[in-house]
Amino acid sequence: MSQLDEKWQERWQKAHLFEPKDEGGEKFFLTPAFPYPNSPQHIGHGRTYTTTDIYARYMRMKGKNVLYPMAFHVTGTPILAMAKRIAAGDEEIIGIFEKIYGISRSKMAELTDPNALVRYFSEEIEAGMKKMGYSIDWRRKFYSYDPHFNAFIRWQFEKLREAGYIKKGRHPVPWCPVSNAAVGAHDTQGDIDPQVEEVTAILFPFLDGYLACSTYRPETIYGVTNIWVNESAAYAKVKSGGRVLYVAKEAIPSLSMQLDLQVEGELSGREMTKSSAANPISGEKIPVLGASFVNPAHGTGVVMSVPAHAPYDFLALRDAGKLGEIPLKQVLRLDGFGAFPAEEICRRMGIASQSDPKAEEATAEIYKKEAHTGVMVVGEFAGMRGVEAKERVRQKLLSAGSAIPLYEISNGPIYSRYGGLVGVKVVEDQWFIDYGDETWKQKARECLALMKILPEKARKEYEYTIGWLKAKACTRSSGLGTRFPFDESKMIEALSDSTIYMAFYTIAHIAMKMKPEQLTHELFDWVFLGRKSAGLAKEAEEMRRAFEYWYPLDSRHSATDLVHNHLTFFIFNHVAIFPEKYWPRQIVTNGFVLMDGKKMSKSMGNIIPIRQAIAQFGADTIRFVTVSGADLSQDSDFNRPAAEGVISRMEAFMEIMERHAKEKDGKVGMAERWLMSRLHKRLLAAPALYETLQLRELSLELFYNTFNDLQWYLKRAEKPQLREFFELWVPAIAPFVPHFAEEAWERLGKKHYVMDAPFVSVAPFPKGDESRVDESLEEAEKYIGLLIEDIKSILRILRREKAGKIEIFVASAWKRKLREIAAQEKKFDSAMKLAMADEEIRAHAKEAARVLQAYMKSAGALGKTPAEEFELEALGSGKKVLESEFGCPVLVSKEEGSNAPKAAFSLPGKPSILIS
RNA sequence: GCAGGGGUUCCAGAGCCAGGUCAAAUGGGCGGGACUUAAGAUCCUGUGGCUUAGCGCCUUCGGGAGUUCAAAUCUCCCCCCCUGCACCA
């Protein structure tokens, strides 16, 4: 297998088969999402690239000048984080590299340098792609941190700024206080993605300042009966923005990421309870009480108490023995509950105290119900649903200065790889790309409407995403990539520098040979926008021509997970920068690859590195299995039996070809005509399937079902001759299994029936010929097939191996008439009436009633009635097959005139059988 | 919660848009048989139940209700699963 793969890969390379000229004929430009080289690739990565490759190869065979380029995305922090982890001797990652990918420890020692790491893994990935036989033009390779590419991205941002889409503001980000940097999932212990959530800190007048109570449910301010503090914790008096606040001491580190705080004094939780506070809405005086459930490190460490609706508050109140003393106050009405849902649920669940773990469950249930089905019964928002009131109350408190917005990590506590507890920092000087801009959105929608989306059902996802996209933070304080042109201390983050790089491919092979400083904004203005200015580099004209030739992008490919970000940004940025004639034409998204039905994951260790898989099964097998296992949008499954099934069929195809396709075909008989009819039908259907990437359907048609046809044909043909068949079939399947196809193409030698080409990879795609499709022949063959089934099942029931003689009776004319009536009338009564009007049928009234009854069951499904001549003809030609199949004489006669009782069982299309 | 995608016979997975030929393709697994010294591969065959010289009956396509001569397919309600809701590549 691998020898064969290499043989053809070398020859393709030597012939520069996949390096198109920047001119000539109809072009087709397609790109998959470029890989991120911080690990080797596994079998799952291969699906998108294989899908793209099959498309590229098909288009090439359709005579298009195809460009399929590749580059590497290294932007952002994951590569840096990976190098650091290796340097730090992180056993988890080292173990994965060693066990799954077979990278030696000495090799890993070199990968502590990010550049070395990029080089190593990108070479690894490139080698893998070559071994998969991808028809990539590697001359255009670049890395997203190359200075040439940087120049291009800086130009892009200049254009975005000119269009008014770049903005500056403040932004909350997950932050590690130890490394003093923003953190993403790859920076946290356990790779947890920190979720930032907005909360509200309501300020309750207290002593000389305010108690800051952070809450998710500001709307319950109307039901506050008291304030909770943790009596065993330390509290602090702090000054912030000219105001005095009281918060837990432990909360200060995380709060100071967001607020400017000066500590002015300290007091114990117990001291706090000696004073009372006031409700900022009503001015009502409320006590400050102690509760053990209050976590001083969480939020502000001060909690407002709404015992009617919050189970913890109710339980703490009960634990404090204050139930009777402090009356509960209802805020929301909830179906199925009385005035105080928290109380009810605590009693119903039998929760003992605030330290009972069931309290958490009760809280989750009540919160969820109240938020969505609860209706406010107090205050100015009475009658409003919980969720809506929440937002309104929050805004009201914020604008009145009675609350401050805070952020927290909702899925915490999360620790960074450097040991810090991840908090939320509000970053000033954050730059954004404003995807919330309405006129921009409108243009994006226009582009989407013009594009083909495969599978089409994904279109709604794009529409939805365009709808909800808001300003996106586009800079980071660290990472690889391109410096932000309007603040050189910042880096452009990874989803923002990968939106129009497809345009760079069109000139990359020229640009990468130039000096980076030659790649000026003026040059790009000319190349991409046609705005000419003086003194451009001498390559400018060639670049302009290349871009104008290849753009727009004909097809963009990725897995489905990029729809909500990258692919939508891709649309936005194209419409922002390029004129309409260069807007992308199509986006194709595919599902993932499962391993034995399960998601691949590092922790399960069920990842097959792509190069290992190729070594084991061969490139064609991996290609075939990953794309043919499921519809485009569904996850496909990779498993050994499927892979082996493909291998054995390929071998069988090759063997049959070697045996029966040596010479030009001789006299063509029924069997050959039948086989070619089947093949041409499939060839006729193939183009539409290839164009819409229905690879599963194609693989079924051109591979599995065709294989079954061949089996039948071999059984049927007296002297098999398959020369024409293989000359047509090999190129048809070539996009899927190019190495196999090249080998077969070569072994076929000089072609007799199709146009020859040095490589099947660039041979014309075989045309289906309608005149070769013979439906009646196929019908006849099917008829014989069914008959064989029937005879076999009768033999089985008789427990007989062999028949002495088989007699077949073809149904009489009156039954055919009856069947026609049944098919037309569809209702028993009227059909019967009509039938009885026919003399011939009436002569068999009793039997006619029985037969009609049977037909009525599937009245509309009857289709056209086979003619008697058809059946006799089919039987005439099929008789030989039947005789050889069963090794006995076969007699064919008509039901009419026969006195065999069995004969009466015959139906049109379903002759009766008598075995003796 | 919002948005999208799903729930099919032992498993995977078609079919559903355009209702009937659907007990439901195809592959896998499993049972039986052929071949073989044997295993593997390959081939034949079975794989909801009951029947039976096939052409037959009953029950089934997440649950329920409806439309229709006819529903896996159309309509309505409900249940369950997956993905996304960003600043992360």
Side-chain angles (χ1 to χ4, degrees), chain A residues 33 35-36 38 73-79 171-174 182-187 193-196 368 371-372 387 430 432-433 435 455 457-458 460-461 463-465 467-476 479 493-496 498 560-566 568-569 591 594 596-597 599 628-631 633-637 639-642 644-646 648 651-652 696-697 699-700 704-705 708 711 715 786-787 789-800 825-830 851 854 856-863 902 905-907 909-915:
Chain A
Y36 194 86
N38 71 339
H73 198 204
V74 298
T75 305
T77 51
I79 283 172
H171 191 64
V173 291
V183 291
H186 53 270
D187 302 309
D193 196 17
Q195 303 289 328
V196 172
K368 195 174 163 189
H372 302 293
V387 264
Q430 175 65 59
F432 297 90
I433 300 177
Y435 293 121
K457 63 186 169 189
K460 284 187 208 144
E461 301 253 346
E463 284 165 359
Y464 180 71
T465 307
W468 68 250
L469 272 182
K470 299 181 294 239
K472 170 173 169 58
C474 63
T475 59
R476 292 288 301 259
E493 63 82 45
L495 284 170
S496 301
S498 55
T560 51
D561 55 340
L562 298 186
V563 172
H564 302 273
N565 45 54
H566 164 74
T568 306
F569 299 156
L594 303 176
D596 289 320
K599 216 171 183 158
S628 70
D631 283 344
S633 63
Q634 306 273 312
D635 293 348
S636 72
D637 188 38
N639 55 70
R640 178 174 284 274
E644 282 169 353
V646 171
S648 81
E651 281 168 356
R696 182 193 165 76
E697 185 69 13
S699 70
L700 225 58
Y704 293 107
N705 290 345
N708 293 345
Q711 303 279 18
K715 194 192 282 185
L786 289 174
L787 196 56
E789 296 280 298
D790 282 347
I791 296 171
K792 276 182 181 165
S793 80
I794 296 170
L795 283 172
R796 198 175 325 117
I797 285 157
L798 292 177
R799 294 178 201 290
R800 283 174 57 175
E825 288 302 313
K826 297 198 165 66
K827 287 194 186 170
F828 184 81
D829 291 348
S830 51
V851 172
M856 252 33 258
K857 296 229 174 241
S858 53
L862 288 172
K902 274 289 154 207
F905 283 93
S906 64
L907 289 173
K910 197 90 191 164
S912 69
I913 299 157
L914 175 61
I915 294 172

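Residue numbers start from 1 in every chain, and the chains themselves are labelled A, B, ... in the order their sequence lines are given, proteins ahead of strands. Predicted model only: the values in this text are computed from it and were never measured.
- Using atom P as the reference point in both B/U45 and B/G64, the two lie 37 Å apart (nearest Å).
- Listed for the A/Q430 side chain is a donor-acceptor partner under 3.5 Å among the backbone atoms of A/T475.
- Nucleotide B/G29 forms a pair with B/U47, judged by Watson-Crick or G-U wobble geometry with both contacts under 3.5 Å.
- Going from the C1' atom of B/C76 to that of B/G20 covers 24 Å, rounded to whole Å.
- B/A41 atom C1' lies 9 Å from atom CD of A/E651, rounded to whole Å.
- Distance noted for atom C1' between B/G48 and B/C22: 14 Å (whole Å).
- A/T465 places a side-chain N or O within donor-acceptor distance of the main-chain N or O of A/E461, the cut-off being under 3.5 Å.
- Nucleic acid contact class of A/S912 (heavy atoms, under 4.0 Å, all strands): base.
- If you check B/G19 for Watson-Crick or wobble pairing at under 3.5 angstrom, you find it has no partner at all.
- Taking atom C1' in both B/C11 and B/C79, the straight-line distance is 24 Å, to the nearest Å.
- Rounded to a whole angstrom, the distance from the C1' atom of B/U75 to that of B/A24 is 23 Å.
- The separation between A/L562 atom CG and B/A89 atom P is 13 Å, rounded to whole Å.
- Atom CD1 in A/I79 sits roughly 14 Å away from atom C1' in B/C88 (whole-Å rounding).
- At least one side-chain nitrogen or oxygen of A/R476 sits closer than 4.0 Å to the OP1 or OP2 atom of B/A89.
- Pair check for B/A70 finds none; no Watson-Crick or G-U wobble contact set falls under 3.5 Å.
- In this structure, OH of A/Y704 is placed 17 Å from P of B/A25, rounded to the nearest angstrom.
- Pairing for B/G1 goes to B/C85, judged as Watson-Crick or G-U wobble with the two contacts each under 3.5 Å.
- Across all strands shown, B/U42 forms a Watson-Crick or G-U wobble pair with B/A34, both key distances being under 3.5 Å.
- Within 4.0 Å of A/H171, counting heavy atoms only, lies at least one base atom of the nucleic acid.
- Here the side chain of A/P174 is nearest to one of B/U26, B/U42, B/C88, namely B/C88.
- Distance noted for atom P between B/C16 and B/G84: 29 Å (whole Å).
- Between the CD1 atom of A/I79 and the CG atom of A/N38 there is a distance of 6.0 Å, given to the nearest 0.5 Å.
- When heavy atoms are screened at a 4.0 angstrom cut-off, A/T77 is found touching the sugar-phosphate backbone but no base atom.
- Remark: side-chain polar atoms of A/Y36 are paired, donor with acceptor, to backbone N or O of A/T75 under 3.5 angstrom.
- In plain terms, the two heavy atoms of A/G479 and A/T77 that are nearest each other are CA-CG2, 3.9 Å.
- Under 4.0 angstrom from either OP1 or OP2 of B/C87 there lies no side-chain N or O belonging to A/Q430.
- One C1' atom belongs to B/U60, the other to B/G49, and the distance between them is 10 Å to the nearest Å.
- Residue contacts shown for A/A494 are limited to sugar-phosphate atoms, with no base heavy atom under 4.0 Å away.
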*Could you run through nucleotides 80-86 of chain B and give me one letter per nucleotide, 5' to 3': B if any protein heavy atom sits under 4.0 Å from the base, S if only the sugar-phosphate is that close, - if neither?*
---SS-B

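- Among all heavy-atom pairs drawn from A/S496 and A/K472, the shortest one is OG-CE, 3.9 Å.
- No donor-acceptor pair under 3.5 Å is formed between the side chain of A/D631 and the backbone N or O of A/Q634.
- Comparing A/S633 and A/L787 by the nucleotide of RNA chain B whose heavy atom lies nearest to each, the residue mapping closer to the 5' end is A/S633.
- Pairing each heavy atom of A/A473 with each of A/E493, the nearest pair is O-CG, 3.8 Å.
- In this structure, CG of A/N705 is placed 7 Å from C1' of B/U26, rounded to the nearest angstrom.
- Backbone-only engagement by A/T75 is indicated by non-hydrogen atom pairs under 4.0 Å involving sugar-phosphate atoms exclusively.
- Annotation: ring-ring contact (aromatic ring centres under 6.0 Å, His included) contacts of A/F432 (sequence neighbours excluded): A/H171.
- Nucleotides B/G1 and B/U59 have their P atoms positioned 37 Å apart, rounded to a whole Å.
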*Encode nucleotides 6-16 of chain B as B, S and - characters from 5' to 3', where the letter depends on protein heavy atoms closer than 4.0 Å: B to the base, S only to sugar-phosphate, - to neither.*
S------SS--

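- Residue A/L469 comes nearest to A/T568 through the heavy atom pair CD1-CG2, 3.7 Å, listed as atom of the first residue, atom of the second, then distance.
- In a base pair of the Watson-Crick type (N1 to N3 plus N6-O4 or O6-N4) or a G-U wobble (N1-O2 and O6-N3), with each distance short of 3.5 Å, B/C55 is matched with no nucleotide.
- The NE2 atom of A/H73 lies 7.5 Å from the CG atom of A/L495; values are rounded to the nearest 0.5 Å.
- Listed for the A/T560 side chain is no donor-acceptor partner under 3.5 Å among the backbone atoms of A/G591.
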